[in-house]
Amino acid sequence: SGYAPVSMLRDYAAEVAVYTRGRGRLFCMNAGYRPCHNEAEVVQSIGYDAERDVDNPADSVFCSHGGSDVVPWREVAARAHIPPVWQPQQEQTAMDEQTPQTARSAVPSGTFEQDKELQAIFERTYGPVKRRDFQLQTQVRSDAGETRTIRPQTMGPEYLLVDGYNVIFAWDELNAVARDNLDAARKNLMDLLSNYQGFHKCIVILVFDAYKVPHGTGEVSRYHNITVVYTKESQTADAYIEKATYEIGREHRVRVVTSDGAEQLIILGHGALRIPASAFHEELETTKGQIAAILSKNNQSGKTRAVQAAWEKADGDKKEKLP
């Protein structure tokens, strides 16, 4: 993990795929703006001249006797009547050390009593302040300016999306099976999730990454009571889950089981609940214990079982008829 300029990372995703033999993935997010690492080279290549930039001028506008006066950037410090607001850290520290303590305390600071007095004056003049109750925002505006209406989630079954290979290699028992037979590890996970679905009555979607399968068109099938998805060529399980959470999460509750940190951030932005593979393992073990307790209770022999009583009565009648 680390930071790098965008210009140096344009082809790095392909390099990661090459030297990791297709097993590595590169996730990037915006880290803000920082000084250009090759400023002189960039300025020389584009021929930028700040003094000729009409759209973004470097000069300042000073107010003078009701009018305005354009001051070149070189003369701003000499003609300014007050020191600039922004100063380098060292200069600001030195300036603070030279400032008398009395001058610092002269800066007015509001207190709670002063706020209450001002509020009382305002209410006597304009009436009591009426605070609006909080209302759920139903429309949001994106960075591109588009307005989207947020629909409330309907009551319905909960969706559980599971990153198959992420879970298999995160759980010790499945990882041990996968070393010898990956198909067996997949089947074991599907059986566990089938029991989980039957107990919790949720909709389980198990996603396996098949983006390296040549000419793969993707496959969606049913295994008992769960849905199993194999992604198509060039589509990772992360990409499928991100798209699914965005679509399903508009109207239903969605939980995603994965230990991929970057994927967790994305699905959290889509409104889905994220569960690490280790935490879901504990939840699954708890579910297995609850299922075992129910089965044990139902299989206990009772004193008044009708079938057993009928067999015992038939067996007694048979013995009485024997000579």
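All of these numbers come straight from a predicted model, not from anything done at the bench.
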Distance-only criterion, 3.5 Å: show the donor-acceptor pairs between side-chain atoms of residues 172-181 and protein atoms not counting sequence neighbours.
| residue | atom | partner | partner atom | Å |
| --- | --- | --- | --- | --- |
| Glu173 | OE2 | His281 | NE2 | 2.5 |
| Asn181 | OD1 | Asp183 | N | 3.0 |
| Asn181 | OD1 | Ala184 | N | 3.2 |

Under 3.5 Å donor-acceptor pairs involving side-chain atoms of residues 222-229, not counting sequence neighbours:
| residue | atom | partner | partner atom | Å |
| --- | --- | --- | --- | --- |
| Arg222 | NH1 | Thr227 | OG1 | 2.8 |
| Arg222 | NH2 | Asn225 | O | 3.2 |
| Tyr223 | OH | Lys187 | NZ | 3.4 |
| Tyr223 | OH | Asp191 | OD1 | 2.5 |
| Asn225 | OD1 | Ser194 | OG | 3.4 |
| Asn225 | ND2 | Ser194 | O | 3.2 |
| Asn225 | ND2 | Gln197 | OE1 | 2.4 |

Show me, pair by pair, the donor-acceptor contacts under 3.5 angstrom made by side chains of residues 29-41, not counting sequence neighbours?
| residue | atom | partner | partner atom | Å |
| --- | --- | --- | --- | --- |
| Asn30 | OD1 | Gly32 | N | 3.0 |
| Asn38 | ND2 | Glu41 | OE1 | 3.4 |

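Residues satisfying the side-chain contact (heavy atoms from CB on, under 4.5 Å) test with Pro72, not counting sequence neighbours, are Asp59, Glu75. Every residue two or more places apart in sequence or in another chain that forms a side-chain contact (heavy atoms from CB on, under 4.5 Å) with Ala279 is listed here: Ile275, Pro276. Taking Ser278 as the reference, nothing meets the side-chain hydrogen bond (donor to acceptor under 3.5 Å, both in side chains) condition, with sequence neighbours excluded. In this structure Ile294 satisfies the side-chain contact (heavy atoms from CB on, under 4.5 Å) test together with Phe199, Asn298, sequence neighbours excluded. Shown here are the ring-ring contact (aromatic ring centres under 6.0 Å, His included) partners of Phe280, two or more places apart in sequence or in another chain: Tyr196. Not counting sequence neighbours, the partners of Tyr19 by the side-chain hydrogen bond (donor to acceptor under 3.5 Å, both in side chains) test are Tyr12.
The shortest non-hydrogen separation linking Leu206 to Met190 is CD2-CG, 3.5 Å. Residue Asp209 comes nearest to Gln235 through the heavy atom pair OD1-O, 3.8 Å, listed as atom of the first residue, atom of the second, then distance. The nearest pair of heavy atoms linking Ser68 to Val61 is CB-CG1, 3.8 Å. Here the closest heavy-atom approach between residue Ser45 and residue Val42 is recorded as OG-O, 2.7 Å.
With rounding to the nearest 0.5 angstrom, the OG1 atom of Thr287 is 9.5 Å from the CG atom of Asn195. Taking CG of Leu193 as the start and CG of Leu284 as the end, the distance is 7.0 Å to the nearest 0.5 Å. To the nearest 0.5 Å, atom SG of residue Cys202 and atom CZ of residue Arg253 are 10.5 Å apart.
Within the structure, no pair that satisfies the salt bridge (charged side-chain N to carboxylate O under 4.0 Å, His left out) test touches residues 5-20, not counting sequence neighbours. Here salt bridge (charged side-chain N to carboxylate O under 4.0 Å, His left out) pairs that include residues 279-295, with residues two or more places apart or in two chains, are Arg255-Glu283, Glu285-Lys288.
Phe62 forms part of a hydrophobic cluster together with Val71, Val76, judged by ILVMFWY side-chain heavy-atom separations under 4.5 Å.
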- Worked verdict on Phe208 versus Leu182 for side chain to side chain contact (heavy atoms under 4.5 Å, CB included): CA-CA 12 Å; Phe208 287 114; Leu182 187 58; over 6 Å; no
- Message: Please evaluate residues Val257 and Leu160 with respect to the criterion side chain to side chain contact (heavy atoms under 4.5 Å, CB included), reporting the C-alpha separation (whole Å), side-chain torsions for both, the decisive distance (0.1 Å), and the verdict.
- Response: CA-CA 7 Å; Val257 179; Leu160 180 70; 3.7 Å; yes
- Task: Starting from the C-alpha separation in whole Å, work towards a yes-or-no answer on side chain to side chain contact (heavy atoms under 4.5 Å, CB included) for Thr231 and Val207.
- Result: CA-CA 7 Å; Thr231 62; Val207 183; 3.9 Å; yes
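Cluster annotation: Val18 is not connected to Phe27 through the hydrophobic network of ILVMFWY side chains, with a link wherever side-chain heavy atoms come within less than 4.5 Å. Leu26 and Val6 sit in two unconnected hydrophobic clusters of ILVMFWY residues. Membership requires side-chain heavy atoms under 4.5 Å apart, directly or through other members.
No side-chain heavy atom of Trp171 sits less than 4.5 Å from a side-chain heavy atom of Asn188. Counting only heavy atoms from C-beta outward, the side chains of Asp163 and Asp238 approach each other to under 4.5 Å.
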